[in-house]
J.: 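Sharing a structure, written as structure tokens. Questions coming.
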Amino acid sequence: MKTTTMIRPATAADVPNILQLIRDLATYERAPNEVTATEEQLIEVFFGSKPAAEVLLIFENDVPVGFAVFFHNFSTWLGRLGLYLEDLFVKPEYRGKGYGRALLVKLAAIARERGCGRMEWAVLDWNQPAIEFYKRLGAVAMNDWTIFRMTGEALDRLAKERSGP
């Protein structure tokens, strides 16, 4: 049987598959119990009245084998939109077939079509195969930047402070 591959934007009907891919990614990233997203939340965030992100799915013979979640950010220095890749994942048993590269090629085309000045993403520092893959594509590690994150109680505490001097 001939293998067919297709990349397409996700629809609301794909949400169960998207959530499973998110769970698979969390397992790969050694955090399987940290996914709290629900199908209802994903429907709202991806397909609601104000979508916050977009999803591309890649299929092998009609089976979803990977995905990319992305959204636009903005560069004040460039004065242009950027494309931020939140998640890129291909199921381990489907790796080595060019699916990750195909998703990145599609994302780069979307970025250019939309006038984006750059495309960015983060990668875990222990994920050496991904780091080497990105470097082979021409991506440059931004080693002089540190990503900060605020969640839970810290976010709540800051939000409750009075703003302004």
Side-chain angles (χ1 to χ4, degrees), residues 6-15 17-19 21-26 28-29 31 34-58 64 66-90 99-165:
M6 175 183 62
I7 296 175
R8 67 164 172 78
T11 68
D14 295 311
V15 166
N17 289 323
I18 295 167
L19 184 54
L21 287 164
I22 291 168
R23 290 178 177 141
D24 293 345
L25 171 61
Y28 176 77
E29 291 186 351
E34 292 186 30
V35 176
T36 61
T38 66
E39 288 185 16
E40 294 75 21
Q41 287 171 318
L42 296 180
I43 288 170
E44 181 60 31
V45 79
F46 294 137
F47 308 105
S49 60
K50 293 178 101 175
E54 299 173 63
V55 182
L56 292 177
L57 291 170
I58 188 163
F67 76 131
V69 176
F70 65 99
F71 55 87
H72 289 290
N73 56 13
F74 182 75
S75 169
T76 55
W77 289 17
L78 297 177
R80 295 170 67 186
L81 289 176
L83 189 146
Y84 188 83
L85 174 59
E86 177 65 23
D87 288 324
L88 175 71
F89 179 73
V90 174
Y99 296 156
R101 181 184 183 89
L103 284 165
L104 285 167
V105 167
K106 180 67 173 171
L107 288 167
I110 290 169
R112 284 302 186 213
E113 289 166 10
R114 296 180 184 182
C116 296
R118 61 184 174 205
M119 192 164 92
E120 297 178 307
W121 61 93
V123 61
L124 291 165
D125 59 5
W126 57 259
N127 194 347
Q128 204 57 43
I131 292 167
E132 293 306 316
F133 169 65
Y134 297 142
K135 286 181 178 179
R136 283 193 305 272
L137 294 176
V140 177
M142 304 299 290
N143 294 326
D144 50 343
W145 289 84
T146 300
I147 297 172
F148 281 85
R149 177 175 293 162
M150 185 177 286
T151 61
E153 289 180 26
L155 182 59
D156 292 342
R157 190 171 47 254
L158 186 60
K160 289 176 184 172
E161 286 186 19
R162 186 176 73 86
S163 62

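Residues: numbered from 1 along the sequence shown.
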J.: Do the non-hydrogen side-chain atoms of I18 and E39 ever get within less than 4.5 Å of each other?
T.: no
J.: Within the structure provided, determine whether L104 and F133 are in side-chain contact (heavy-atom separation under 4.5 Å).
T.: yes
J.: Would you indicate whether the side-chain heavy atoms of V45 and Q41 approach each other to under 4.5 Å?
T.: no
J.: Quick check for you: to the nearest 0.5 Å, what is the distance between L103 atom CG and L88 atom CG?
T.: 5.5 Å
J.: Give me the atom names and distance for the closest heavy-atom approach of N127 to V123.
T.: CB-CG2, 4.1 Å
J.: Looking at side-chain heavy atoms only, is the closest gap between E29 and L124 below 4.5 Å?
T.: yes
J.: Counting only N and O atoms by type, is there a donor-acceptor contact under 3.5 Å from the side chain of H72 to the main-chain atoms of L81?
T.: no
J.: Please report the shortest heavy-atom distance between F70 and R114, naming the atom on each side.
T.: CE1-NH1, 3.8 Å
J.: Is E153 atom CD crowded by more than 12 heavy atoms from other residues, nucleotides or ligands, each under 6.0 Å away?
T.: no
J.: Under 6.0 Å between the ring centres of W121 and Y134?
T.: yes
J.: Any chance you could measure N17, atom CG, to I22, atom CD1, to the nearest 0.5 Å?
T.: 11.0 Å
J.: Rounded to the nearest 0.5 Å, what separation is found between the SG atom of C116 and the CG atom of L78?
T.: 10.5 Å
J.: In Å and rounded to the nearest 0.5 Å, what is the CE to CZ distance from M150 to R157?
T.: 8.0 Å
J.: Measuring from D125:CG to I131:CD1, what's the distance to the nearest 0.5 Å?
T.: 6.5 Å
J.: Going through the checks in order, is the side chain to side chain contact (heavy atoms under 4.5 Å, CB included) test met by I58 and F67?
T.: CA-CA 6 Å; I58 188 163; F67 76 131; over 6 Å; no
J.: When you compare the side chain of L42 with that of F47, does any pair of heavy atoms fall below 4.5 Å?
T.: no
J.: Is it true that, when you exclude E34 itself, more than 12 heavy atoms of the residues, nucleotides or ligands shown sit nearer than 6.0 Å to its CD?
T.: no
J.: When you look at L21 and D87, which way does the side chain to side chain contact (heavy atoms under 4.5 Å, CB included) test go after all the steps?
T.: CA-CA 10 Å; L21 287 164; D87 288 324; over 6 Å; no
J.: Could you check whether the rings of Y28 and W126 sit parallel, tilted or perpendicular, using 30° and 60° as the cut-offs?
T.: tilted
J.: Between W145 and I147, is any pair of side-chain heavy atoms under 4.5 Å apart?
T.: no
J.: With a 4.5 Å cut-off on side-chain heavy atoms, are M119 and L107 touching?
T.: yes
J.: Taking all non-hydrogen atoms of both residues into account, name the closest pair between A37 and L19 and its distance.
T.: O-CD1, 3.7 Å
J.: At what distance, to the nearest 0.5 angstrom, does CZ of R118 lie from CG of L83?
T.: 12.0 Å
J.: Look at atom CZ of R112 and say whether more than 12 heavy atoms of other residues, nucleotides or ligands are closer to it than 6.0 Å.
T.: no
J.: Might you work through the side chain to side chain contact (heavy atoms under 4.5 Å, CB included) test for Y84 and E86, ending with a clear yes or no?
T.: CA-CA 6 Å; Y84 188 83; E86 177 65 23; 3.4 Å; yes
J.: Quick one, V69 and L56 - any side-chain contact, counting heavy atoms below 4.5 Å?
T.: no
